[in-house]
Amino acid sequence: MAELTIDGKKVVSRPGETILQVAKRYGIKIPNLCHHDEVKPYTACRLCLVEIKKGKRTKIVTSCDYPAEEGLEVKTSNEKIEKSRKMLMELYLSRCPNLPVIQKMAEEMGVKEPRFEKENEDCILCGLCVRVCSEVVGRHALGYESRGPERRVVPPFDEPNPLCISCGACTYVCPVDVIPIEEKDGYRIMERWHKKSKLVACEKCGKYFATEEEIEWLKEMGLPEDKAKLCMDCR
């Protein structure tokens, strides 16, 4: 455990925590879009910038991947940080001007109109969906296509991928809510990934609870056959 200061408040970190994680636990707000505790830091959005002081030296770092060390003095906001964040929000607002989450964050930061040409994208390229699929689910069903402004998150060749089990983890972690998931007529549909997977009903309560691919994956991971046929409540 380490003791540090964030915005003049003394806080204590837990082993392995980053500055962002400590701040969240203490209710200190640091804006971010690409962080989730279940996956490794990626530093894609850069909105979580903070200023740290170690001894006599100060520097700007991303708080999502910087370890909460003993004696650190952290400032979550100052003129330099706010200027950088506003520039980043202008870029997000120009790329995805119609996303409510981006509109709200921009408004909170005082960004009304970006100086850059507006596009009509809906993905901020935070990579959370790609990372949760590979790091947590273990399926590696998503990846990146192309580079620069043309970069996109897609399944390979932008076609239905048999590695995708339609588990919905990507939908759950998406910070801007642009990976819709629908359950209809016994199927789970994820249009963004061109997937339509058959749902399985619980043998005890009869409620649909997972796709056939999910069940097979869980059995491969060691879940007993009798447990695999039951929903979480009935297990």
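Note that the structure is predicted; figures quoted are calculated from it, not measured.
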Would you check if V130 and Y144 make a side-chain contact, meaning some heavy-atom pair closer than 4.5 Å? yes

Calculate, to the nearest 0.5 Å, the distance between atoms CG and OG1 belonging to L49 and T76 respectively. 11.5 Å

Say whether, by atom type as modelled, one donor and one acceptor occur between the side chain of R131 and the main chain of V39 under 3.5 angstrom. no

If you compare all heavy atoms of N161 against all heavy atoms of P156, which two are closest, and at what distance to 0.1 Å? ND2-CD, 3.2 Å

Is Q21 close to S13 at the side-chain level, that is, under 4.5 Å between some pair of heavy atoms? no

If we ignore hydrogens and angles and just use 3.5 Å, is the side chain of T211 paired with the main-chain N or O of I165 as donor and acceptor? yes

Judged by atom type as modelled, is there a donor-acceptor pair below 3.5 Å linking the side chain of R139 to the main-chain atoms of C133? no

Check this for me, if you would: do E51 and K80 make a salt bridge, where the nitrogen-to-carboxylate-oxygen distance has to be below 4.0 angstrom? no

I would like to know whether T58 and E73 meet side-chain contact (heavy atoms from CB on, under 4.5 Å); could you show each step before the answer? CA-CA 9 Å; T58 62; E73 295 180 35; over 6 Å; no

Does some side-chain heavy atom of C96 sit less than 4.5 Å from a side-chain heavy atom of D122? no

Answer whether the closest heavy-atom distance between the side chains of P180 and T171 falls below 4.5 Å. no

Could you tell me the separation between the CD atom of E216 and the CG atom of L218, rounded to the nearest 0.5 Å? 9.5 Å

Criterion side chain to side chain contact (heavy atoms under 4.5 Å, CB included) against Y66, the qualifying member of I52, V50, T43: I52

Taking a hydrophobic cluster as the set of Ile, Leu, Val, Met, Phe, Trp and Tyr residues connected by side-chain heavy atoms closer than 4.5 Å, whether directly or through intermediates, do F116 and L93 fall within one such cluster? no

Determine yes or no for a side-chain-to-main-chain donor-acceptor pair under 3.5 angstrom, with R192 supplying the side chain and V178 the backbone. yes

Below 4.5 Å, heavy atoms only, C-beta onward: do R95 and P149 meet side chain to side chain? no

Examine the side chains of S77 and E82 and answer whether a donor and an acceptor come within less than 3.5 Å of each other. yes

Taking atom CZ of F209 and atom SG of C234, what is their separation to the nearest 0.5 Å? 9.0 Å

Answer with yes or no whether the hydrophobic clustering places V74 together with I60; edges join I, L, V, M, F, W, Y residues whose side-chain heavy atoms lie under 4.5 Å apart. no

Using only atom types and a distance under 3.5 Å, with no angle test, would you say the side chain of N32 pairs donor to acceptor with the backbone of I30? yes

CG on L142 to SG on C129, rounded to 0.5 Å: 5.5 Å

Give the intermediate values and the outcome of side-chain contact (heavy atoms from CB on, under 4.5 Å) for residues H194 and V154. CA-CA 10 Å; H194 320 299; V154 291; over 6 Å; no

Do R151 and L125 come within less than 4.5 Å of each other through their side chains, counting heavy atoms only? yes

Residues E214, R188: salt bridge by 4.0 Å N-O rule: yes

Kindly indicate, with the supporting measurements, whether the criterion salt bridge (Lys or Arg N to Asp or Glu O under 4.0 Å) is fulfilled by K29 and E108. CA-CA 12 Å; K29 187 175 180 181; E108 289 173 349; 3.5 Å; yes

Heavy-atom closest pair (D226 atom, L230 atom, distance to 0.1 Å) is O-CG, 3.6 Å

If the plane angle is over 60° it's perpendicular, under 30° parallel, otherwise tilted; pick one for Y172 and H36. perpendicular

Intermediate values then yes/no, side-chain contact (heavy atoms from CB on, under 4.5 Å), L99 and I124: CA-CA 10 Å; L99 293 184; I124 61 170; 4.3 Å; yes

Is it true that a side-chain atom of Y92 and a backbone atom of M87 form a donor plus acceptor pair closer than 3.5 Å? no

Taking every non-hydrogen atom, the tightest pair across S197 and S166: OG-OG, 2.7 Å

Once rounded to the nearest 0.5 Å, what's the spacing between atom CD1 of I181 and atom CD of E191? 11.5 Å

Indicate yes or no for a side-chain donor-acceptor contact from K195 to the backbone of C164 under 3.5 Å, with no hydrogens or angles considered. yes

Determine whether a donor-acceptor pair (N or O, by modelled atom type, separation under 3.5 Å) exists between the side chain of E183 and the backbone of I189. no

Between C48 and S63, what is the shortest heavy-atom contact and its length? O-OG, 2.8 Å

If you count every heavy atom of other residues, nucleotides or ligands that lies below 6.0 Å from E220 atom CD, does the total exceed 12? yes

Nearest heavy-atom neighbours spanning M190 and I179: CE-CG2, 4.1 Å

Kindly give the heavy-atom pair with the smallest separation between C126 and A44, and that separation in Å. O-CB, 3.8 Å

Side chains of L199 and Y187 in contact at under 4.5 Å (non-hydrogen atoms): no

Mind running side-chain contact (heavy atoms from CB on, under 4.5 Å) on L20 and H35 for me, showing each step along the way? CA-CA 9 Å; L20 179 60; H35 174 77; 3.6 Å; yes

Would you say that K24 contacts D37 through its side chain, given a criterion of any heavy-atom pair below 4.5 Å between the two side chains? yes

Residues R152 and D158 bridged, charged N to O under 4.0 Å: yes

Indicate yes or no for a side-chain donor-acceptor contact from W193 to the backbone of E159 under 3.5 Å, with no hydrogens or angles considered. no

Do M105 and L88 sit in the same hydrophobic cluster, where Ile, Leu, Val, Met, Phe, Trp and Tyr count as joined when their side-chain heavy atoms come under 4.5 Å apart? yes

Look at the side chain of R85 and the backbone N and O of M109, then say whether any donor-acceptor pair between them is shorter than 3.5 Å. no

Side-chain ion pair, K118 and E113, N-O less than 4.0 Å: yes

Nearest 0.5 Å, please: how far is CD in E121 from CD1 in I102? 12.5 Å

M1 atom CE, neighbour heavy-atom count above 12 within 6.0 Å: yes

After noting the C-alpha distance and the side-chain angles of R25 and E17, does the key distance pass the salt bridge (Lys or Arg N to Asp or Glu O under 4.0 Å) rule? CA-CA 10 Å; R25 191 158 49 79; E17 279 189 321; 2.7 Å; yes

Check for me, please, whether I28 and I19 land in the same ILVMFWY cluster - side-chain distances under 4.5 Å, paths through other members count. yes

Does E79 CD have over 12 foreign heavy atoms under 6.0 Å away? no

Could you check whether K40 pairs with E135 (Lys NZ or Arg NE/NH1/NH2 to Asp/Glu carboxylate O, under 4.0 Å)? no

Electrostatic pair D233:K207 at N-O distance under 4.0 angstrom: yes

In terms of heavy-atom contacts, does CG of D177 have more than 12 from other residues, nucleotides or ligands at under 6.0 Å? no

Are V176 and V111 connected in a single hydrophobic cluster, I mean Ile/Leu/Val/Met/Phe/Trp/Tyr linked by side-chain heavy atoms less than 4.5 Å apart? yes

